[in-house]
Structures are given as C-alpha cells and as structure tokens.
2 protein chains.
Amino acid sequence: MRGKPTLRDVAERAGCSITTVSNILQGRSHLYREDMVHQVMRAAQELGYRPNSIARSLARRRTATIGVALDPQHARLTHNLYAHDVLDGILAFLEPRDYDIRLITPRTSDPAAVWRRIDNGSIDGVVLIAPVMGSPLLEWRHYSSLPAVVVGSTLPEEYRLSHIDIDNTSAMTMLVEWVIQQGHRAIGYIKGHPLHWSAHQREQAFRRVLERYGVPIREEWVLQGDYGPESGARAAEQLLRQSELPTVVMAANDDMAIGFLQQCRTLEIAVPDQISVTGFDDSSWAERMGIPLTTIRHDRYQVGYLAAQQLLHQIETGDTRPQRVLINGALVVRHSVASAYALASPATLQHAFSTEGGSKQ
Amino acid sequence: MRGKPTLRDVAERAGCSITTVSNILQGRSHLYREDMVHQVMRAAQELGYRPNSIARSLARRRTATIGVALDPQHARLTHNLYAHDVLDGILAFLEPRDYDIRLITPRTSDPAAVWRRIDNGSIDGVVLIAPVMGSPLLEWRHYSSLPAVVVGSTLPEEYRLSHIDIDNTSAMTMLVEWVIQQGHRAIGYIKGHPLHWSAHQREQAFRRVLERYGVPIREEWVLQGDYGPESGARAAEQLLRQSELPTVVMAANDDMAIGFLQQCRTLEIAVPDQISVTGFDDSSWAERMGIPLTTIRHDRYQVGYLAAQQLLHQIETGDTRPQRVLINGALVVRHSVASAYALASPATLQHAFSTEGGSKQ
DNA sequence: TCTGGTTATGGAAGCGTTTCCAAGCACCCC
DNA sequence: GGGGTGCTTGGAAACGCTTCCATAACCAGA
C-alpha cells in the first residue's frame with residue numbers, strides 16, 4: 001500500500017471484499033455479522049482510512065457540493081458585504097448536511113465560458129448571487145440544466161429561475177410612507193446602480209408612493225448613484241448646492257447614504273437638523289457610523305439560508321420549477337430623520353405640499 | 001445518449017476512439033491529421049460536450065482545486081474582513097490558472113473530524129486562514145500530508161508550516177517609534193485576542209520599543225481586548241475614568257481603535273485634542289469613519305496572492321519544506337494622533353517622563 | 001431428501017476520464 | 001523484399017468508489 005489507504009487496503013487487512021467494507025463504512029452494518037463489522041471498523045481505523053470523495057462523487061453521480069457564483073461584474077469579495085452575509089446563511093444550512101461549497105468567481109462575461117466553469121460536473125447545484133441585468137449567469141437555461149437559485153435579484157418572471165430576495169417594493173413603500181408620515185413633502189432620492197433590478201424596484205416604489213400621496217417628484221432632486229459610497233458623496237455635492245433643497249434625501253442603499261452623510265459632514269450640514277437622510281439595507285457599516293441611520297433591515301443571512309434550503313430541495317427532488325420567495329424588510333428608525341412637523345402641521349399629511357427647507361429647526 | 005454527453009458520445013459521433021477525442025480536446029492535436037481534429041472538434045461542439053471534472057480529477061489524481069479553511073473559532077465570514085481580502089488575493093492568483101476554490105468552514109474543534117473534511121481527496125492543497133493557538137487546523141502534520149500554507153498567523157518555527165503574514169513585530173515597532181517621536185511618553189495599549197499570535201507579537205513589540213526608549217510602561221494603561229470593536233469601547237470605559245491618563249492609546253487593531261473612538265465620542269472626549277489613538281491593519285472600516293485613524297497598512301490581498309502562489313508551487317513541485325514570508329506594513333499617518341510637543345520639549349525624548357494629559361491643546 | 005427462505009458475503013460492471021503502449025500503415029533505403 | 005522510421009490511431013488498464021445481483025451456507029418444513 002503506497003499513498004493513502006483505499007477501500008482495497010482496508011478490505012485486505014480485514015480479510016473481506018471491498019463491497020463489504022464499503023457497505024459497512026456507509027452504515028449498512030446490519031447486513032453483516034457483528035464480528036465482521038468490528039474487524040472492518042478496526043482495519044479502517046488502524047489504517048486511518050478516509051473515503052476519497054472524488055471517487056465517491058463519480059460513482060454516486062452526486063458531489064455533495066454546491067457552487068456559489070458571483071456576478072462577473074462584482075467578482076471581488078472585498079466590500080461585497082452582501083455576499084458574505086448570504087454565504088454565512090448558506091454555510092449554516094449546508095454544514096450540518098455535509099455539503100461543501102465551491103466558490104465561483106468568473107472574470108469573463110462570455111456566458112459559454114462562465115457556464116463551462118460552473119456546470120462541469122463538480123457541483124450539484126448553484127446559488128447565483130445578485131446577477132445584474134445582462135449577466136451571463138442568467139443565461140442558465142441555454143447552457144445548463146443544473147438546479148439553480150438566484151439571490152439578491154428579484155427577476156422578472158420570464159427568466160424562469162427560482163429566486164429569493166428581500167421584497168424591495170414593499171420595503172421601500174413602507175420606508176417612504178414613514179418618511180411622509182414624518183411630515184416630509186420635499187423628498188430627494190439617490191438611485192442605485194442602473195444594472196440592478198433592485199435599483200429599479202426601489203425607485204419605482206419610491207415614485208409610486210409619492211404619487212399616491214400626491215407629493216410632487218422634483219427630478220432635480222432625483223440623482224443617479226451606483227450603490228457605492230462615493231456616488232452618495234457625489235450626489236450630496238450636486239444636490240446641496242441647489243438653491244432649493246429637499247427636507248429629506250432617501251438613498252437606495254446604506255452605502256450611498258453613508259457617502260452622503262460624509263459629504264454633509266465635510267460641508268458642515270447637520271443631519272438631521274438641516275437635512276434628513278434614509279438608507280436601505282441596514283449594512284453593518286451604518287451601525288458603526290457616528291450618525292445612526294434610519295433604514296430598512298433585511299435578513300441577508302436568512303436569504304442565504306433559504307436559498308440553500310430551496311436548492312437542496314431542487315437537487316433532492318429534481319423539482320426545478322421556479323419558486324419565488326420574497327422576504328419582508330423591517331423599518332429601523334434611528335436618528336437620521338427629523339420630523340418635519342416642526343413646520344408642517346399634521347393636517348397637511350393627505351394633501352401634501354412641498355415645504356422645502358421646512359425641517360430646519 | 002441520455003444525460004450529458006461524454007467522451008464516448010463525442011467519439012461515436014466523430015467516428016473515432018475516445019483516446020483520440022481526449023487527446024485532441026486536451027490540445028494534443030499535433031498528433032492527428034487535420035481532418036480528424038476538425039471532425040472531433042465539430043462533434044464536441046455540436047453535442048455541447050463539456051469534460052466532467054470529477055472523472056478527470058480521479059484519473060489525473062489532481063483536482064485543480066484548493067481549499068480555503070477558516071478557523072473553527074472564526075468560521076463566520078460576516079465581519080471577517082481579513083478573510084475577504086485574503087480570499088480576493090487567492091482568487092486573483094488562481095483564476096487565470098484555472099484553479100477553483102473550496103470553502104471549508106469547520107464548526108467542530110475535533111482535529112480528526114476537521115481534517116476528514118479537509119483532506120478527503122477533493123483538493124490539492126489548502127490555505128489555512130488565521131489559525132489561533134490550539135486550532136485543529138494546526139494539527140496538520142498528524143492528519144494530512146496535503147500541501148498547506150498558513151496566512152494571518154506568524155507561527156513559531158516548530159509548527160513546520162509554511163506561512164505568509166504581515167511582519168507584526170517590525171510594523172508595530174515602527175508605529176510605536178513614530179508615536180514616541182511625536183513626543184508621547186504616556187502611552188496606553190489595548191491588547192488583541194489572547195489566542196492570536198499576532199496579539200502577542202504586537203504587544204511584545206510595543207513593550208520592547210518602550211523599554212528601548214526608556215519610556216515606562218504603566219500596566220494600568222495596558223488593557224485586554226479581543227480585536228472586536230466592543231472590547232475597544234470597554235477599554236475606553238476602563239481607561240478614561242482613571243485619574244491619570246495616557247496621552248495616546250495604541251490599539252492592537254483598527255476595530256478596537258474604532259470602538260475606542262466611538263466611546264470617546266460618547267464621552268465627549270476630543271480625539272486627538274484630548275487623547276490620541278492609533279490602530280493597526282488599516283481596515284476599510286477606518287477609512288469610512290469620521291476620524292481618520294493613524295494606523296499600519298498591510299496588503300492583505302497581497303498576502304492571499306502570495307499564499308496561493310506558494311501553495312501552487314508546493315503542489316507542482318512537491319517541495320513542501322516550510323517557507324516563511326513576512327510582508328512589511330506601512331505607516332499611515334492620518335489625524336488621530338496629536339503631537340505631544342505642545343507641552344513636552346523635544347529634549348525630553350531620550351529621558352522620557354510621563355506627562356499625563358499633556359497633549360491637550 | 002428436496003424445496004424454499006433467510007442471512008452473510010463477494011463478483012463485477014459501472015462512473016468518465018487519462019495515459020501507457022501497441023498496432024497498423026506507408027514509405028524509403030540498402 | 002526485409003527491416004527500419006515516422007505518422008496516426010486505438011486498446012485497455014487504471015483512478016477509488018457504489019451498487020446490482022449472484023452465490024453460498026444454513027436451517028425449517030414438507
């Protein structure tokens with residue numbers, strides 16, 4: 001016996017066939033006499049035998065591994081807090097089930113190449129993390145029949161892919177309504193990255209609510225961002241030098257809100273005394289910031305956990321009909337929003353009227 | 001042909017043997033006539049053939065996969081910024097070489113079980129991320145002959161494991177010397193997690209430099225932390241209610257420095273006007289904080305990159321003699337440290353004297 | 001003694017590749 | 001025309017495991 005011990009080595013030492021060893025080591029020891037079981041166990045123990053998972057995968061046609069694929073656009077993990085939280089959720093579900101994780105970070109946008117890396121027999125299924133519009137990850141149907149679950153992107157139906165995500169629409173609706181209930185009628189918005197569905201869903205929800213409440217949308221207060229903190233800072237630049245200001249600025253995520261806040265500090269504009277700010281995501285960044293951000297919390301860990309669960313279900317039952325799960329976010333009120341009622345009376349709530357600068361105390 | 005096409009299917013369609021197909025698809029087409037090559041290529045193309053990497057691994061006895069193992073003590077990815085940065089470096093090196101990554105996050109501390117998960121034939125080598133003292137990951141020699149590289153822990157020689165890390169000693173030495181050069185003689189310290197080698201190395205460097213410069217170490221200013229921001233805040237609690245205060249507090253990492261700073265803000269103690277603070281790591285958290293932290297920057301991405309490189313070298317040459325690479329950190333001066341010369345004259349530099357509260361301007 | 005039903009074990013065919021080696025063939029030179 | 005020499009191609013044995021199915025032994029009942 002050279003190299004690592006194999007089933008054959010154990011069988012030889014125990015004086016039986018490899019079938020016997022295989023069966024016993026897989027827990028089918030009720031088929032055998034007790035002394036046989038003992039012998040095999042001892043032989044395996046003594047040799048330090050460890051089953052070769054590659055050979056096992058080949059024979060079983062199951063790898064007990066799932067892939068986690070990042071979008072080529074965001075294949076860096078650094079600063080991708082979303083991916084971490086989701087990964088932890090996935091791990092939490094998979095660990096006790098003895099599944100392993102293969103990390104897939106394609107750097108090309110050629111879908112054929114991407115899927116060659118993903119679907120090469122080495123995984124049983126894949127979690128696609130936050131694919132953006134036009135992502136090669138979404139070409140799934142054309143290249144692979146592997147079970148797949150998308151997280152972090154609420155896709156249009158036609159993609160026919162299972163996905164799990166926060167309910168962006170309902171969460172943003174809740175947040176905007178709350179802001180309006182604080183009396184704000186002059187509301188700015190910083191949009192997310194235009195390739196993300198979530199950016200559109202959040203913006204649309206924002207617009208809908210304002211419309212519904214009859215609050216006018218001032219397009220000069222609606223700024224393009226890209227979910228990065230710098231874009232929030234740039235938005236602050238652009239916005240804060242306008243002659244008329246909103247009383248509150250809603251950013252499509254926390255990172256941009258943080259960038260916005262930084263810039264406010266630089267420009268010595270007090271939050272929330274002079275302007276209110278909201279975020280979205282409740283990223284842990286915000287938590288550590290000096291100014292506690294009012295935002296939407298959603299359970300990314302839970303998203304990962306459910307995704308893994310859903311994926312394993314698909315793998316084990318073969319039922320790959322697309323399922324959609326949307327998780328509700330929670331409103332987290334901290335202190336980055338001031339009530340506008342100091343100026344606007346509650347009575348104005350239904351027949352809104354812009355009171356620019358009105359929240360200044 | 002049911003299921004995914006195999007080498008056999010391609011061979012049948014091209015009218016040749018599987019050996020031929022295998023050779024051609026692996027790039028050994030110079031062995032064959034051009035029309036044969038063409039036929040095979042076309043057949044493979046038409047069937048959408050993709051080699052099964054599991055079968056390939058079994059046959060080649062190489063998996064083209066490396067494992068990345070987290071310490072069971074820190075198996076969560078969330079908040080483990082170090083792991084992310086290192087992972088990115090590893091990915092950067094591995095991607096172009098067509099290696100994949102398997103994420104291993106053991107939750108037990110039983111070394112046999114941990115290594116059963118790690119060394120089961122599914123990887124060619126493993127990067128062990130920041131194992132702490134007593135970690136099952138360090139029982140490597142007893143359980144596995146897999147090539148392994150440790151990052152994030154500068155181990156004592158006797159572990160006989162290759163490792164790549166920042167040079168904690170030289171970096172902390174540099175930082176402390178700089179602080180002393182700013183005129184500080186009353187220096188506090190917040191220690192890192194006692195199970196991390198880095199914590200001891202940094203503390204030892206701190207003590208050595210103070211000794212060398214004849215600056216007295218006041219043990220009531222040396223506080224135990226655990227690398228978490230909360231422990232930094234607790235340290236601030238403890239320290240700041242003492243009657244005599246140091247002029248500067250050096251935290252063993254940025255996270256604790258940030259916690260300390262938060263607490264200072266709460267207690268309305270101005271940094272650096274009333275007390276100076278340093279960190280270590282230059283984590284991206286610090287960057288986004290309001291108060292720019294003077295700290296040590298080290299290139300975690302680079303650590304990952306070099307670790308992957310070193311590991312591949314071991315795998316490919318079979319040379320697993322332990323190598324140690326220490327990377328120099330860089331001093332990053334921002335504005336969390338005030339000069340103590342406002343009170344202490346430069347002349348006092350060599351025969352230091354505590355000037356508690358002396359940095360107040 | 002024969003049949004049939006247990007119970008305990010092993011044979012052997014896969015799983016989809018890789019790779020060593022041999023074989024077939026044409027050609028050329030002496 | 002025999003024997004080398006290239007050039008193409010294929011056979012077959014691995015790799016280490018799973019699993020279907022056969023076999024052998026034993027015992028009970030007829």
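All chains are named by letter (A, B, ...) in the order of the sequence lines, taking the proteins before the strands, and each is independently numbered beginning at 1.
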message: The side chain of A:R60 is closest to which nucleotide in this list: C:dC15, D:dT19, C:dT18?
response: D:dT19

- prompt: Is a salt bridge present between A:D88 and A:R300, judged by a nitrogen-to-oxygen distance below 4.0 Å?
  reply: no

For B:Q26, side-chain hydrogen bond (donor to acceptor under 3.5 Å, both in side chains) partners two or more places apart: B:S22, B:R28

field: Rounded distance (Å) that lies between atom P of D:dA14 and atom CZ of B:R62
entry: 22 Å

message: Just the rounded figure in Å: distance from C1' of D:dA14 to CG of A:N52.
response: 14 Å

- prompt: Does any residue of residues 24-40 of chain B have a heavy atom under 4.0 Å from DNA chain D, and if so, which ones, in number order?
  reply: B:L31, B:Y32, B:R33, B:M36

query: Would one find a side-chain N or O of A:S22 under 4.0 angstrom from OP1 or OP2 of D:dC17?
result: no

field: Closest heavy-atom pair and its distance - A:N52, A:A55
entry: OD1-N, 3.0 Å

- request: Would you mind reading off the distance between A:I54 atom CD1 and C:dT18 atom C1', rounded to a whole angstrom?
  value: 15 Å

task: Please figure out whether B:N23 or B:L58 has its closest DNA chain D nucleotide nearer the 5' end.
output: B:N23

task: Whole angstrom is fine here: how far is it from CG in B:N120 over to C1' in D:dC17?
output: 13 Å

message: Check B:K4 with A:D119, please: is the shortest side-chain N to carboxylate O separation under 4.0 Å?
response: yes

statement: A:V10 and A:A44 have their tightest heavy-atom pair at CG1-N, 3.9 Å

Look for any protein N or O under 3.5 Å of an N or O in nucleotides 11-13 of chain C and output each such pair with its distance, or none.
{"from": "C:dG11", "atom 1": "N7", "to": "A:T19", "atom 2": "OG1", "distance (Å)": "3.4"}
{"from": "C:dG11", "atom 1": "O6", "to": "A:T19", "atom 2": "OG1", "distance (Å)": "3.0"}
{"from": "C:dA12", "atom 1": "N6", "to": "A:T19", "atom 2": "OG1", "distance (Å)": "3.2"}

- line: Hits for ring-ring contact (aromatic ring centres under 6.0 Å, His included) against B:H74, two or more places apart or cross-chain, chain-then-number order -> B:H196

task: Return the value, rounded to whole Å, for the distance between atom CZ of B:R8 and atom P of D:dG11.
output: 12 Å

query: Any idea which heavy atoms bring B:R56 and B:P51 closest together, and the distance?
result: NH2-CB, 3.5 Å

field: Any A:T20 side-chain N or O less than 4.0 Å from OP1/OP2 of C:dG10
entry: yes

task: Let me know the distance between CZ of B:R61 and P of D:dA14, rounded to the nearest Å.
output: 11 Å

Counterpart residues, side-chain contact (heavy atoms from CB on, under 4.5 Å), relative to B:D165 (two or more places apart): B:Y82, B:T154, B:N168, B:L326

Length of the line joining B:R50:CZ and C:dT17:C1', which is rounded to integer Å: 17 Å

- prompt: Which residues pass the ring-ring contact (aromatic ring centres under 6.0 Å, His included) test with B:F93, sequence neighbours left out?
  reply: B:Y305

